[in-house]
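Bear in mind the structure is a predicted one, so any value in this text is a computation, not a measurement.
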Amino acid sequence: MSGKILRIDLTSESFKGEETDEATCRKFLGGRGLGAKILYDELPAGTDPFSAENIVVIATGPLTGTKTPSSGRHVVISKSPATGGMTFSSSGGTWAVEFRKTGYDLIVLKGKAEKPTYLWISDGFVEFRDASKFWGKQVIEADDGIRAETDEEAKVLQIGIAGEKKSYMAAILNEKYRAAGRTGLGAVLGSKNLKAITVKGTKEIEVANSIAMRRAADKAMKIILENAVTKEDGALHTYGTAVLTNIMNGLGIYPTRNFQTGVFADAEKISGERMAETIFVKRTACFECPMECGRWIKVDEGKYAGIEGESLEYETTWAFGGQCGVSELDALAKANYVCNEYGVDTISCGNTIGFAMELFERGILTKDDIGFELNFGDADAMVRMTELIAKREGFGDVLADGTVKAAEKIGKGSDYYAMQVKGLELPAYDPRGAMGIGLNFATGNRGGCHVTGYTIAAEAVGAPLKVDPLDASDDKVDLTILFQDFTAAVDSAVNCLFLSFAVGAEVWAEMIAGVAGWDGYDVEEFLTTGERIYALERMFNKRAGFGRKDDTLPERLIEEPMPDGPAKGKVHPLDELLKVYYDKRGYDHEGHPTYAKLKELGL
């Protein structure tokens with residue numbers, strides 16, 4: 001197996017194809033891993049994320065588009081404007097499958113187009129097209145318009161208006177509703193004047209040993225359909241990702257009113273269960289996905305009647321709900337709709353609004369600053385601010401680059417209330433009641449990210465194993481490292497991480513061995529691949545100036561005891577865990593891989 005790369009130079013409007021050797025593919029797989037390898041090798045230290053020299057890799061993996069479960073994902077890798085380090089963000093749907101059918105596995109983008117441009121890629125043919133008529137258009141309209149110009153069955157990956165205006169929370173959307181949401185990757189494409197990449201292919205996706213792949217895929221499906229979380233009538237299928245709302249609230253780790261507490265009295269009103277009773281229309285799914293965790297929703301009555309679309313996820317309902325103290329489900333649907341249409345990361349957007357709400361209630365911000373009152377629990381004010389952020393208008397322009405940049409502009413000690421790590425706003429879990437996810441937030445290579453190492457699966461859901469969320473022993477460090485390495489490998493395969501609620505590394509290794517035809521490929525090699533990728537990302541970030549000072553948590557979470565709920569009185573013991581983490585990783589006291597570790601990993 002080798003990776004077929006499409007190299008695009010937007011400045012010269014030129015392209016060429018090349019292949020990656022099999023040895024490199026075996027060491028890094030594809031997706032996040034091969035993207036990290038390309039970025040580390042080719043991007044000079046000190047490159048501005050918005051410069052023409054910055055590189056964007058859009059990568060599939062060896063499993064993408066095959067008959068393995070949930071194999072419709074791609075990963076975007078670049079240098080982030082939000083964090084200044086290496087970043088990656090994945091998205092599902094079917095765009096990645098269609099892209100592989102054009103004959104390529106990865107796109108490597110460089111340069112800057114002279115005017116708004118979109119790429120039309122079809123069976124190895126690449127055309128640079130004028131996107132001026134779509135610049136400034138919302139996502140659904142642009143998607144429809146681009147397909148009308150190319151092929152109605154084509155798949156469109158694009159930025160919204162937030163990306164055009166280079167918001168640090170700008171996402172990259174595909175198929176209208178799916179998003180590579182985090183760390184401002186949409187802004188990087190915006191800085192390159194690249195509106196969209198549209199693909200349509202007819203080529204077969206190659207599999208080295210179809211029988212071995214099918215056996216492994218069948219084994220994975222059997223496990224998935226027997227697991228309480230992933231089976232046909234399981235939690236994700238029945239209630240979507242928002243099934244987590246009541247679970248996290250019950251554990252006292254549902255961040256509420258800008259992480260002031262972990263318990264939201266109105267959580268049930270915005271839960272997956274309530275959604276199923278009110279605005280839910282139908283389930284949706286990515287390519288070859290048996291879980292169907294997506295929700296198509298429609299608001300039929302009230303102020304936001306008519307709002308319709310996909311998909312109101314757990315992180316989104318939390319960001320605009322518990323984080324902002326808002327319990328009106330229709331308002332959350334409206335905020336989500338706005339973010340989809342303008343191309344905005346819902347996690348960073350809602351988190352940043354909650355940050356501003358606390359500043360308002362503490363008197364650090366006033367009505368004169370904002371233009372209106374911005375109180376916790378005010379659904380209309382939350383929606384209004386979402387729109388301003390998406391359009392980069394009014395006070396929304398101050399908030400559009402996230403909490404770190406906003407705090408720099410606001411001053412007055414406001415940085416204390418910014419719930420972020422490395423410039424990336426935290427997602428929907430309070431580390432004071434889940435020690436593994438807190439360590440993961442602090443050590444995540446792309447910043448405050450839950451899916452870098454989703455220990456919540458074990459700490460809260462009990463899948464694929466159950467652990468005590470309040471345990472802060474060395475065992476929790478081991479768990480965090482295992483989840484981080486495993487996730488890096490999964491993101492490089494590339495399948496959906498939700499499979500890991502049921503499917504273990506052994507089966508993943510078997511699926512990869514079948515698709516790639518690699519003799520002797522086993523679970524140990526799979527996990528070592530993940531460890532290698534994690535270390536390479538660390539080395540990139542070392543060049544960018546990252547160190548121990550960046551592997552931290554917001555001061556509130558390590559100094560202010562949780563005020564109520566099951567985790568009452570707890571803070572996160574980060575310093576104690578971090579030393580053990582570095583030692584077990586083979587990293588030095590600054591959090592960088594040692595020479596011995598790099599040699600061991602073949603780096």
Side-chain angles (χ1 to χ4, degrees), residues 6-15 48-58 74 76 78-81 89 91 95 98-99 102 107-122 125-152 154-181 183-200 338-345 389-393 396-397 400-401:
L6 173 61
R7 289 189 176 270
I8 301 283
D9 189 320
L10 291 165
T11 303
S12 62
E13 292 196 347
S14 62
F15 68 94
D48 188 310
F50 287 157
S51 71
E53 288 71 34
N54 194 13
I55 294 169
V56 179
V57 181
I58 304 175
H74 62 273
V76 186
S78 189
K79 186 175 184 180
S80 167
S89 190
S91 181
W95 183 93
E98 200 67 35
F99 172 64
T102 69
I107 300 175
V108 179
L109 293 162
K110 294 182 73 173
K112 179 179 180 178
E114 184 177 347
K115 61 185 178 182
T117 298
Y118 76 89
L119 300 176
W120 168 224
I121 304 172
S122 178
F125 174 78
V126 180
E127 186 176 350
F128 297 78
R129 291 197 173 188
D130 186 358
S132 297
K133 70 174 70 173
F134 304 114
W135 204 259
K137 300 295 185 184
Q138 294 182 15
V139 165
I140 292 176
E141 182 180 359
D143 186 289
D144 290 342
I146 291 171
R147 285 187 296 107
E149 281 193 356
T150 54
D151 188 308
E152 286 293 344
K155 305 298 180 182
V156 180
L157 175 150
Q158 65 168 302
I159 61 170
I161 294 169
E164 296 169 11
K165 295 188 175 184
K166 296 193 281 292
S167 163
Y168 284 16
M169 57 180 77
I172 300 174
L173 280 291
N174 59 281
E175 299 151 85
K176 300 178 181 177
Y177 303 107
R178 302 288 176 171
T183 70
L185 287 163
V188 178
L189 292 190
S191 74
K192 295 181 177 298
N193 279 332
L194 183 62
K195 177 66 175 176
I197 302 174
T198 306
V199 297
K200 183 72 172 70
V338 170
C339 287
N340 282 341
E341 279 289 75
Y342 283 82
V344 177
D345 171 27
I389 289 172
K391 297 174 183 178
R392 205 164 191 141
E393 294 178 355
D397 186 40
D401 291 332

Note: R147 and D144 closest approach over all heavy atoms is NH2-OD1, 2.7 Å
Student check: side-chain heavy atoms of L119 and R129 closer than 4.5 Å: no
If I compare all heavy atoms of G343 with all of L173, which pair ends up nearest, and what's the gap? CA-CD2, 3.5 Å
Within this structure, what is the CD1-CG distance for the pair I159 and L189, rounded to the nearest 0.5 Å? 6.0 Å
Side-chain contact, heavy-atom cut-off 4.5 Å: I197 with L109? yes
Any W120 side-chain heavy atom under 4.5 Å of F128 side chain: no
I'd like to know if D401 and K165 make a salt bridge, using a cut-off of under 4.0 Å between side-chain N and carboxylate O. no
Check against side chain to side chain contact (heavy atoms under 4.5 Å, CB included), K133 and E149: CA-CA 11 Å; K133 70 174 70 173; E149 281 193 356; 2.8 Å; yes
Verify side-chain hydrogen bond (donor to acceptor under 3.5 Å, both in side chains) between D130 and T117, making sure each step is shown before the conclusion. CA-CA 5 Å; D130 186 358; T117 298; over 6 Å; no
Shortest non-hydrogen separation from L185 to S89 and the atoms involved: CD1-CB, 3.6 Å
Please check if the side chain of N193 supplies one atom and the backbone of P116 the other of a donor-acceptor pair under 3.5 Å. no
Would you say the side chain of S91 lies within less than 4.5 Å of the side chain of H74, judging by non-hydrogen atoms? yes
Just checking, any donor-acceptor pair under 3.5 angstrom between side chains of D151 and S122? no
With a 4.5 Å cut-off on side-chain heavy atoms, are K112 and L10 touching? no
Could you walk me through whether Q158 and Y118 pass the side-chain hydrogen bond (donor to acceptor under 3.5 Å, both in side chains) test, one step at a time? CA-CA 9 Å; Q158 65 168 302; Y118 76 89; over 6 Å; no
Got a donor-acceptor contact below 3.5 angstrom from the S167 side chain to the G163 backbone? no
Does the distance from a Lys or Arg side-chain N to an Asp or Glu carboxylate O, for K79 and E53, drop under 4.0 Å? no
Side chains of F99 and I107: does their closest heavy-atom pair fall under 4.5 Å? yes
So, for S191 and P49, which heavy atoms are closest and what is the spacing to 0.1 Å? OG-O, 4.3 Å
As a quick check of understanding, evaluate side chain to side chain contact (heavy atoms under 4.5 Å, CB included) for N54 and D48, giving each step before the final call. CA-CA 7 Å; N54 194 13; D48 188 310; over 6 Å; no
Value for CD1 (I161) from CD (Q138), rounded to nearest 0.5 Å, stands at 5.5 Å
How long is the straight-line distance from OG1 of T183 back to CE of M169, given to the nearest 0.5 Å? 12.0 Å
Hey, what do you get for CG (D143) to NZ (K137), rounding to the nearest 0.5 Å? 14.5 Å
Which salt bridge (charged side-chain N to carboxylate O under 4.0 Å, His left out) pairs, counting each pair once, include a residue from residues 189-200, with sequence neighbours left out? E98-K200, E164-K195
Give the minimum heavy-atom separation between V344 and A162, together with the two atoms involved. CG2-CB, 3.6 Å
Tell me, do E13 and I8 make a side-chain contact under 4.5 Å, heavy atoms counted? no
How far apart are the closest heavy atoms of W95 and N174, and which atoms are they? CB-ND2, 3.9 Å
Flag the pair F15 / R7 as yes when at least one side-chain heavy-atom distance between them is below 4.5 Å, and no otherwise. no
Looking at residues at least two apart in the chain, or sitting in another chain, which of them share a side chain to side chain contact (heavy atoms under 4.5 Å, CB included) with K110? I55
Test side chain to side chain contact (heavy atoms under 4.5 Å, CB included) on I140 and Y177 and set out the steps. CA-CA 9 Å; I140 292 176; Y177 303 107; 3.6 Å; yes
Take atom CD of E152 as the centre, draw a 6.0 Å sphere, and report whether it contains more than 12 heavy atoms from other residues, nucleotides or ligands. yes
In terms of the angle between their ring planes, are Y168 and F50 parallel, tilted or perpendicular, with boundaries placed at 30° and 60°? perpendicular
